[in-house]
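Presented below is the structure to which this report refers.
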Amino acid sequence: MLKLKPNCECCNRDLPPDSHEAVMCSFECTFCRTCAETLLHSVCPNCSGELVRRPIRPAAKLSNFPASTERVYKPEGCGRVA
Ligand SMILES: [Zn+2]
Ligand SMILES: [Zn+2]
């Protein structure tokens, strides 16, 4: 099951489970679409994997299968000075 991390690793903006702005790699490194397109060129800075849009988890499923609340924020990996 996907972790559905709650924020972008690059800019720390919130990415709720119903956000169409979230992208992720196969290891669930999670970013917003803006960072993925402008900073990362759709390549994960952690694993060099492909970043694709994260699927939306239906709201009815979130009570039994909640999104992760563990924030990951690593701006130094995103070509930004931390
Ligand atoms: Zn971002
Ligand atoms: Zn990755």
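All residue numbers in this chain count up from 1 along the given sequence. Counting starts at 1 for both ligands and their atoms, following the listed order.
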F65 side chain near M1 side chain, heavy-atom distance below 4.5 Å = yes
Roughly how far, to the nearest 0.5 Å, is CD of E37 from CG of L51?
-> 10.5 Å
How many degrees, to 10°, between C29 SG and C44 SG as seen from the Zn ion (ligand 2)?
-> 100°
E50 atom CD, neighbour heavy-atom count above 12 within 6.0 Å | no
Flag the pair D14 and R71 as a salt bridge only when some basic side-chain nitrogen lies within less than 4.0 angstrom of an acidic carboxylate oxygen.
-> yes
Rounded to 10°, how many degrees is the angle SG/C35-the Zn ion (ligand 1)-SG/C32?
-> 100°
Taking 2.8 Å as the cut-off, does an N/O/S atom of C8 lie below it from the Zn ion (ligand 1)?
-> yes
